[in-house]
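Written out below as structure tokens is the structure these notes cover.
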Amino acid sequence: GLDDAAQHAAVRTVMSSGTPRKDAFAVIQWLLLHGKPGGRRAAAEALAQFHGAQANQLVLRALDDEDPEVQARVLSQLRGRGIPGALNRLIERLGSPHAVVRKAIRKSLPEFSFERFLGTFDLLDDETRRSTGALVKKVDPQTVPQLRAEMASRVRSRRLRALAVARSLDLASSLEKPLRKLLEDEDHMIRAEAAVALATCGTVTARRALEHALADRSPIVREAARKALEEQGVPVAMPSLHTPAPLPVQTPEQLP
């Protein structure tokens, strides 16, 4: 019969008193399943102080609470409890429309931050890059903005790595504008890698940028642009990349 605020206060009272743990858990359980929003939120937070199979089952039941605040408070407990499938449960709920839920999940998955992924990228094999990168894209909303910043770095190695990351995470479409800008980079290898990345962008602007790159001063860039256009289904009438044969050297006696 307690109102919302009183239920919230009841949880705090029970948890700060000498109430036996068994009785305190019974109060928490009842309020979490049947209480008003304030009571359920307080109960969800207090549940973190209880462990064992019964508490774990209560956490799983509370995941479907209609209040996103309750969901967020129990989601933050999943991994610490060692509940089987906790990681998958968290990832599945990343699409929640509630910001508080998404924030709680991201806080529970610190190893999938873009900053950490970027720092270990060079040490990973291709398959791990793709699988881990797929999770990083879902977990960290700063993935695209931070990758865009890496592409604008003054350090050549960082720009090259950013291009490799964009391809591994299949983010070329989200980064088309900075990729087109890198087609004008001073370094021909970066221009070539940008052309390769743009192959998956099916926009008119990407195609025009690649067509313009066909006249690049570097044969490596021209070849990369040609292949990118052909991947998009655009035939290009130009020879493949070959090293031209050296011209014959004339001796002074042969010169006119």
Side-chain angles (χ1 to χ4, degrees), residues 48 59 63 71-96 98-201 206 220-221 224 227-228 231:
V59 164
L63 289 176
Q71 295 176 32
R73 295 179 192 194
V74 292
L75 280 167
S76 64
Q77 301 176 31
L78 275 182
R79 297 192 76 182
R81 292 179 176 277
I83 296 176
L87 180 60
N88 289 335
R89 290 177 185 273
L90 289 168
I91 293 172
E92 288 170 359
R93 292 171 183 267
L94 274 170
S96 171
H98 306 291
V100 66
V101 172
R102 298 193 300 272
K103 182 178 180 180
I105 294 173
R106 288 170 181 136
K107 190 174 181 180
S108 298
L109 301 171
E111 70 269 38
F112 296 111
S113 71
F114 179 75
E115 184 176 357
R116 181 169 180 174
F117 177 71
L118 189 65
T120 60
F121 182 80
D122 293 334
L123 305 176
L124 306 176
D125 57 55
D126 290 341
E127 180 58 33
T128 305
R129 287 175 176 180
R130 287 191 293 269
S131 59
T132 304
L135 293 177
V136 170
K137 282 198 300 184
K138 292 181 178 180
V139 174
D140 193 344
Q142 294 302 309
T143 296
V144 171
Q146 290 186 21
L147 191 50
R148 186 181 293 113
E150 286 295 305
M151 288 183 173
S153 172
R154 294 183 178 180
V155 181
R156 175 184 183 273
S157 60
R158 290 176 61 178
R159 299 198 302 278
L160 277 172
R161 182 178 60 180
L163 286 164
V165 173
R167 293 177 63 192
S168 292
L169 273 60
D170 194 22
L171 285 173
S173 296
S174 301
L175 294 161
E176 180 189 332
K177 187 174 180 179
L179 284 174
R180 285 192 278 113
K181 185 174 182 180
L182 286 179
L183 270 181
E184 302 172 359
D185 194 272
E186 61 184 16
D187 187 285
H188 73 284
M189 290 306 300
I190 289 178
R191 298 199 303 276
E193 288 299 317
V196 172
L198 281 169
T200 58
C201 294
I220 295 177
V221 178
K227 290 182 177 180
E231 285 186 38

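Throughout, residue positions are numbered sequentially from 1 according to the sequence presented. Here the structure is a predicted model, which is why all the values come from computation and not from measurement. Every heavy atom of this structure was used, including side-chain atoms; hydrogens, water molecules and symmetry mates were not.
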Sidechain N-carboxylate O distance under 4.0 Å for Glu176, Arg180: yes
Would you find a donor on one side and an acceptor on the other, under 3.5 Å apart, between the side chain of Ser108 and the backbone of Ala104? yes
Students often mix this up, so state it plainly: with edges at 30° and 60°, are the rings of Phe114 and Phe117 parallel, tilted or perpendicular? tilted
Kindly indicate whether the side chain of Leu171, heavy atoms from C-beta on, has any atom under 4.5 Å from the side chain of Thr143. yes
Between Leu179 and Met151, does the side-chain contact (heavy atoms from CB on, under 4.5 Å) criterion hold? Intermediate values first, please. CA-CA 8 Å; Leu179 284 174; Met151 288 183 173; 3.7 Å; yes
Heavy-atom check, side chain of Pro110 versus side chain of Arg116, under 4.5 Å: no
Could you tell me which non-hydrogen atom of Leu182 sits nearest to which non-hydrogen atom of Leu163, and how far apart they are? CD1-CD2, 3.7 Å
The reported gap from CD1 in Ile105 to NE2 in His98 (rounded to nearest 0.5 angstrom) is 11.0 Å
For a quick test of reading the model, state the closest non-hydrogen atom pair linking Ile91 to Leu135 and the distance between them. CD1-CD2, 3.3 Å
Short N-O contact, Glu127 and Arg130, less than 4.0 angstrom: yes
Within the distance-only criterion (no hydrogens, no angle test), does the side chain of Ser131 pair as donor or acceptor with the backbone N or O of Thr128 below 3.5 angstrom? yes
Any donor-acceptor pair under 3.5 Å from Thr120 side chain to Leu123 backbone: no
side-chain contact (heavy atoms from CB on, under 4.5 Å) assessment of Arg79 paired with Leu109: CA-CA 9 Å; Arg79 297 192 76 182; Leu109 301 171; 3.3 Å; yes
Within the structure provided, determine whether Arg158 and Arg161 are in side-chain contact (heavy-atom separation under 4.5 Å). yes
Quick check against the 3.5 Å criterion: does Arg129 have a side-chain atom that pairs as donor or acceptor with the backbone of Leu124? yes
For Lys137, look at atom NZ and say whether over 12 heavy atoms of other residues, nucleotides or ligands are found less than 6.0 Å away. yes
Between CZ on residue Arg167 and CG on residue Asp126, distance to nearest 0.5 Å: 9.5 Å
Determine whether a donor-acceptor pair (N or O, by modelled atom type, separation under 3.5 Å) exists between the side chain of Arg93 and the backbone of Leu63. yes
Whether Arg102 side chain and Ser96 backbone form a donor-acceptor pair below 3.5 Å: yes
Tell me the closest heavy-atom pair linking Ala166 and Leu175, and the distance in Å. CB-CD1, 4.1 Å
Restricting to non-hydrogen atoms, name the atom on Ala172 and the atom on Thr200 that form the minimum distance, rounded to 0.1 Å. CB-OG1, 3.2 Å
Is the side chain of Arg159 donor-acceptor paired with the backbone N or O of Arg154 at a distance under 3.5 Å, no angle test? yes
Note: Val59 and Val74 closest approach over all heavy atoms is CG1-O, 3.9 Å
Hey, could you give me the CD/NE2 distance between Glu193 and His188, rounded to the nearest 0.5 Å? 10.5 Å
Taking atom CD of Glu115 as the centre, report whether more than 12 heavy atoms of other residues, nucleotides or ligands fall under 6.0 Å from it. no
Say you draw a straight line from NZ of Lys103 to CZ of Arg106; how long is it, rounded to the nearest 0.5 Å? 11.0 Å
Rounded to the nearest 0.5 Å, how far apart are CG of Asp140 and CG of Leu147? 11.5 Å
Any side-chain to backbone donor/acceptor pair from Ser76 onto Arg73? Under 3.5 Å, distance only. yes
Tightest non-hydrogen contact, residues Arg148 and Pro178, listed as CG-CG, 4.2 Å
Take Leu87 and Phe112 through the test side-chain contact (heavy atoms from CB on, under 4.5 Å) and record every step on the way to the result. CA-CA 11 Å; Leu87 180 60; Phe112 296 111; 4.0 Å; yes
